[in-house]
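In what follows, residues are counted from 1 in the order of the sequence shown.
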Amino acid sequence: MVIICWLCCIYYNVVVAWILYYLYNSFSSELPWASCTSSWNTKNCSNFKYECNKNGNEMVGYECLSNASDVDRENAPKVKWVAASEEFWKNHVLNQTSGIAEFDGFQWHLVYCLGVAWILVYFCMLKGIKSSGKGLSTISDPQWNKLLEPTVWSDAAQQIFYSLGLAFGCLMTMASYNKFKNNIARDAVLVCTVNCFTSVLGGFVIFSVIGFMSVETGQPMSEVASEGAGLAFVVYPEAVVRLPGAPMWSVIFFLMLLSLGLDSQFSMFETVTTALFDKFPRARSYKPAVVAVMCLFMFVIALPMVTRSGIYWLTIFDTYSAGFSPSCSYVCSK
């Protein structure tokens, strides 16, 4: 369990680094993923189509026409529109390459944000734990045949293990700070209930936005946004852009995400440090130095994840440390 938490700590702070970068970009009069006028945008950016339709015209191929004929529509090339938020994510934040073997240099803005993330973890851990539409119809009308696919059950198991912290060791570490006569059964029922409720609520929110993006880009919902770690950095930013006072809502959203991300990171890091100090009690006298060395060590190991091929390395860590491993750990502990 300690090894699982250690591996998760390494890559999870990269996610916190992404959040910090989005938060930094939110302090502007116009969000950088709100338009298609930046250097990282392509001609397939869906905001061109959105602006064209908003003005009462019709986007035919790559041209915005006021009076499109059937001939125009027939001769127009088929365009696969991509949301501006996805182009900002893939072409600017990650600037990702086509494969894991192509490092092609660091994304320095992410290196700096990763450094800030580990500095936050360090100072917070010094004193320990005490300091810390279309889419809706899709989610309400499930595809029952998917239950026959093993990957669906695997993804569901990973989600519940991760969200509840099962088999990570975090629950035992946090419980050790409770009073001896604390009502643990009540806490367990409350946490599970709130967790499941927020998961369902989050599902309705994200599917409603994906449904909107599907209509806007003309793509099937299964293709409209990439799955995995980047989903929150494409779908939710796209929703925020459509709100009045978008930068304010973006700041609020990413501050909330930062709070959640750091809380998860603290609990996993605390599990690792508690195990270390329990094994070597004399090391407690040098806690600031030990925590600093651990943070620096994990920062260095995570550096490949902030290169242009970093998303591939992070996906490997996520799949095998936070995905398959906790399930095996839970089964073996029974």
Side-chain angles (χ1 to χ4, degrees), residues 5-28 31-33 38-41 84-126 226 228-234 236-237 247 250-251 253-266 268-269 272-273 288-322:
C5 279
W6 176 66
L7 291 172
C8 288
C9 280
I10 293 170
Y11 86 83
Y12 200 84
N13 236 22
V14 177
V15 178
V16 175
W18 295 341
I19 296 170
L20 286 170
Y21 187 67
Y22 269 82
L23 181 61
Y24 167 77
N25 279 279
S26 297
F27 290 97
S28 59
L31 296 175
W33 58 87
S38 302
S39 58
W40 57 80
N41 291 123
S85 58
E86 186 170 357
E87 290 198 338
F88 176 77
W89 165 246
K90 287 187 174 180
N91 301 343
H92 176 66
V93 178
L94 300 181
N95 195 16
Q96 75 181 74
T97 56
S98 58
I100 193 170
E102 302 174 36
F103 274 85
D104 211 13
F106 289 107
Q107 289 291 89
W108 287 106
H109 55 275
L110 294 182
V111 175
Y112 301 143
C113 289
L114 182 62
V116 172
W118 277 114
I119 290 171
L120 286 173
V121 171
Y122 172 74
F123 283 108
C124 289
M125 294 306 299
L126 276 183
S226 305
L231 190 61
F233 298 94
V234 174
Y236 283 112
S250 184
V251 169
F253 172 72
F254 285 109
L255 278 175
M256 179 271 295
L257 216 56
L258 179 64
S259 175
L260 292 175
L262 287 176
D263 277 351
S264 298
Q265 180 73 350
F266 294 158
M268 291 186 290
F269 195 89
V272 178
T273 55
V290 172
V291 172
V293 170
M294 290 176 65
C295 289
L296 181 60
F297 181 61
M298 293 184 190
F299 169 77
V300 172
I301 294 179
L303 284 177
M305 300 181 201
V306 288
T307 61
R308 289 188 60 193
S309 63
I311 187 67
Y312 303 110
W313 293 99
L314 186 140
T315 302
I316 290 174
F317 265 72
D318 181 46
T319 301
Y320 292 102
S321 60

Side-chain heavy atoms of [X] within contact of [Y], under 4.5 Å:
{"X": "Y24", "Y": "L20", "answer": "no"}
{"X": "W89", "Y": "W18", "answer": "yes"}
{"X": "F88", "Y": "N41", "answer": "no"}
{"X": "F297", "Y": "W6", "answer": "yes"}
{"X": "V15", "Y": "F233", "answer": "yes"}
{"X": "N13", "Y": "M298", "answer": "no"}

Using atom types as modelled and distance alone, determine if a side-chain donor or acceptor of [X] lies under 3.5 Å from a backbone N or O of [Y].
{"X": "S85", "Y": "P237", "result": "no"}
{"X": "Y11", "Y": "M305", "result": "no"}
{"X": "Q265", "Y": "C9", "result": "yes"}
{"X": "T319", "Y": "I316", "result": "no"}

key: Partners meeting side-chain contact (heavy atoms from CB on, under 4.5 Å) with S259 (sequence neighbours left out)   =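 Checked S259 against side-chain contact (heavy atoms from CB on, under 4.5 Å); matches are D263.
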query = Partners of L260 by side-chain contact (heavy atoms from CB on, under 4.5 Å), sequence neighbours excluded?
reply =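 For L260, the residues satisfying side-chain contact (heavy atoms from CB on, under 4.5 Å) (neighbours in sequence not counted) are M256.
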For [X], ring pair (Phe, Tyr, Trp, His ring centres under 6.0 Å) partners two or more places apart:
{"X": "F254", "value": "Y22"}
{"X": "F253", "value": "Y236"}
{"X": "W313", "value": "F103"}

query = After noting the C-alpha distance and the side-chain angles of H92 and Y21, does the key distance pass the side-chain contact (heavy atoms from CB on, under 4.5 Å) rule?
reply = CA-CA 11 Å; H92 176 66; Y21 187 67; 2.7 Å; yes
ask   = Pick one: which of L314, L110, L303 meets side-chain contact (heavy atoms from CB on, under 4.5 Å) with V14?
value =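 Of all the options given, the one that passes is L314.
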task = First locate atom CD1 of I301, then atom CD1 of I10, and finally report the distance between them rounded to the nearest 0.5 Å.
result =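 Atom-to-atom, I301:CD1 and I10:CD1 are 4.0 Å apart.
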query = Taking only residues at least two apart or on different chains, which pairs with a member in residues 103-119 satisfy side chain to side chain donor-acceptor pair (under 3.5 Å)?
reply =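 Non-adjacent pairs meeting side chain to side chain donor-acceptor pair (under 3.5 Å): D104-R308.
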